[in-house]
Amino acid sequence: MTSFLDTITPEVLHADPYPIYQRLRRDHPVAEIPALGCWLVTRWHDVRQVMSHSQTFTTSFPSAMSEIYGSENILSSSGDIHKGMRASVEEIFEPERAGVAREYARKLVIERVSGMHGQADLMGEVLQPVAAEVFRWMLSLEVDSTTLLRLAQDLWLGALDPGDPAKLAVSAAAVNELDAALTRWFEGLGPDPSSAIARWRHITPGSVCPRGAAEVLPTIRVTLPSLPEPGWAAGSLLVALFNDPDQRGLVRDDPALLGDAVHEVLRWMPPFGLVDRMTTRPVELGGTRLPAGAHILAAIGSANRDETVFEQPDTFDLRRRRQPLVTFGYGEHACLVRAFIPAIVEGMVAGILNVHPGVRADLSEQPRVSGWAARYTARLCVDGLGDSASEYAPRPPSGSGSATGRAEQLTPSTSQGPAQG
């Protein structure tokens, strides 16, 4: 007789993981999934435990990521080496500096959308290009943002589907192109306290400096696939607001609530839904005994909808009381730019709504969200660019009154997300 766990496949999770997560949280919170070849962890407290205890749940093990990006990167390293890499750049990414990133993202968006009228694909024409330029600016990279965006997408392919030789070849080619573009520039890079890359080269505690390109490029490679994250999150937020006139009205009437809306979308639809770990010793997790060497996927997307932590967790509600999320990790590998991502998302969405308060979903091509390790809408086609707020009269969608069905039907595709850091 086929068990529920036997029915869980990558294809099913790609379409919509949330109903599966709900049942796993209830009946199998730490479950070995045959089709995945690993253990799936779905409850909030268990996911946080996996993230918080890197000595028991390590990132240092052979994987598609380490094979493609290089094993000596900021995610796969630990101990003093990892602490040194983080310490050298933490000052640049202090939360107090996030406001600068927000305003830069807003400025770039306004420049792009100011001349738009009628219809457009906001994801392809605005959100992802702006995310790429902000990423380039944050790391002070001497590569144009269009090239960075393409390389980020190519680096993703092999990690998402390591069983496909053709996709691995695309990722390998992207690694070679990135290295060729950066190596000479990197080797000539002098000390610069405002540059993360220069800091990794010249002031990494515990390392002999200046460090060579071969020592730092793996970290740049593993960081680059996270480039699309703010654009994906901004797209998911716009989808949610398009489908709930009440929530959109709250933001329109009080723009200060946009920060709450960003926090909520990062709970409700985090762009990266999984973190990859391996146990270093036998351990009990969520009432289940795991052996040493157990491959674990901790489901961020599931943890952020844990019913024991969040009331009505499947509903997007910007009025929800803010609670801690697992979106950006905990412990040693908590995301370095965890304050910057929400700020960038807020800046991008604010720029669009400031210039085009009447923007709405294009009903002829509704966005479709898919994926589980990375969940997003690849296209965000809109109409109403140039319409004023008074001209915008949203039509209530058919079906239930909750944001759950509405925002999922304009449907934030799949495997393990890139580094927390």
Side-chain angles (χ1 to χ4, degrees), residues 2-25 28-29 31-42 47 63-65 68 123-124 128 152-168 170-171 225-229 231-233 235-236 239-240 243 265-277 295-306 313-314 316 326-327 365-381 404-418:
T2 302
S3 73
F4 169 62
L5 300 182
D6 291 327
T7 67
I8 300 175
T9 65
E11 294 76 18
V12 172
L13 289 164
H14 179 86
D16 185 359
Y18 289 107
I20 296 169
Y21 287 159
Q22 184 180 43
R23 185 167 172 182
L24 286 172
R25 288 193 302 270
H28 310 280
E32 188 171 18
I33 311 298
L36 302 181
C38 65
W39 296 78
L40 198 54
V41 181
T42 50
V47 169
S63 66
M65 273 195 169
I68 294 168
M123 187 61 71
Q128 287 305 343
Q153 294 165 341
D154 288 351
L155 285 169
W156 252 116
L157 288 178
L160 291 175
D161 194 356
D164 188 329
K167 292 180 180 178
L168 285 173
V170 171
S171 293
S226 66
L227 179 158
E229 183 176 13
W232 288 343
S236 297
V239 165
N243 284 278
V265 83
L266 290 170
R267 178 202 69 83
W268 177 73
M269 194 73 71
F272 294 127
L274 298 172
V275 293
D276 214 355
R277 299 290 188 267
H295 182 196
I296 290 173
L297 291 179
I300 295 170
S302 175
N304 280 343
R305 296 198 188 191
D306 189 328
D314 292 328
F316 174 89
V326 296
T327 302
E365 188 176 349
Q366 297 188 356
R368 294 192 60 81
V369 183
S370 60
W372 64 300
R375 189 160 180 81
Y376 61 93
T377 178
R379 288 173 59 82
L380 182 55
C381 296
T404 308
R406 288 201 292 263
E408 290 267 11
Q409 72 185 13
L410 287 189
T411 338
S413 208
T414 230
S415 192
Q416 139 91 9

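Every value quoted in this text rests on a predicted model; they were computed, and no experiment measured them.
Looking at Trp232, its side chain never comes within 3.5 Å of a backbone N or O of Thr377 through a donor-acceptor pair. A donor-acceptor pair is defined here as one N or O able to donate and one able to accept, closer than 3.5 Å; no such pair exists between the side chain of Arg375 and the backbone of Met269. Not a single donor-acceptor pair under 3.5 Å links the side chain of Ser171 to the backbone N or O of Leu168. Under a 3.5 Å cut-off, the side chain of Arg267 and the backbone N or O of Asn304 do form a donor-acceptor pair.
Here Glu32 pairs with nothing under the salt bridge (Lys or Arg N to Asp or Glu O under 4.0 Å) rule; sequence neighbours left out. By the side chain to side chain contact (heavy atoms under 4.5 Å, CB included) test, Cys38 pairs with Leu36, His295, Leu297, sequence neighbours left out.
In terms of heavy atoms, Trp268 sits closest to Pro313 at CD1-O, 4.1 Å. Taking all atoms of both residues into account, the shortest heavy-atom contact from Arg379 to Cys381 is NH2-SG, 3.3 Å. Across all non-hydrogen atoms, the minimal contact from Trp372 to Pro10 is NE1-O, 4.2 Å.
The side-chain heavy atoms of Gln22 and Asp314, taken from C-beta on, include a pair separated by under 4.5 Å. Contact of the Trp156 side chain with the Pro225 side chain is registered, since non-hydrogen atoms from C-beta on lie closer than 4.5 Å.
Atom CZ in Phe4 sits 4.5 Å away from atom CG in Leu24 (nearest 0.5 Å). Put simply, CG on Leu13 and CD1 on Ile33 are 8.0 Å apart, with the number rounded to the nearest 0.5 Å. Atom CZ of residue Arg23 and atom CD1 of residue Ile8 lie 8.0 Å apart, to the nearest 0.5 angstrom. Between atom CD of residue Gln366 and atom CG of residue Leu380 there is a gap of 11.5 Å, rounded to the nearest 0.5 Å. Expressed to the nearest 0.5 Å, how far CG of Asp154 lies from CD1 of Ile68 amounts to 11.0 Å. Atom CD in Gln128 sits 5.5 Å away from atom CE in Met123 (nearest 0.5 Å).
Figure legend: Arg305 and Tyr18 shown as a cation-pi pair, the cationic atom lying under 6.0 angstrom from the six-membered ring centre and within 45 degrees of its axis.
Residue Ile20 is tested with Val12, Thr9, Thr7, Thr42 for a side-chain contact (heavy atoms from CB on, under 4.5 Å); the sole match is Val12.
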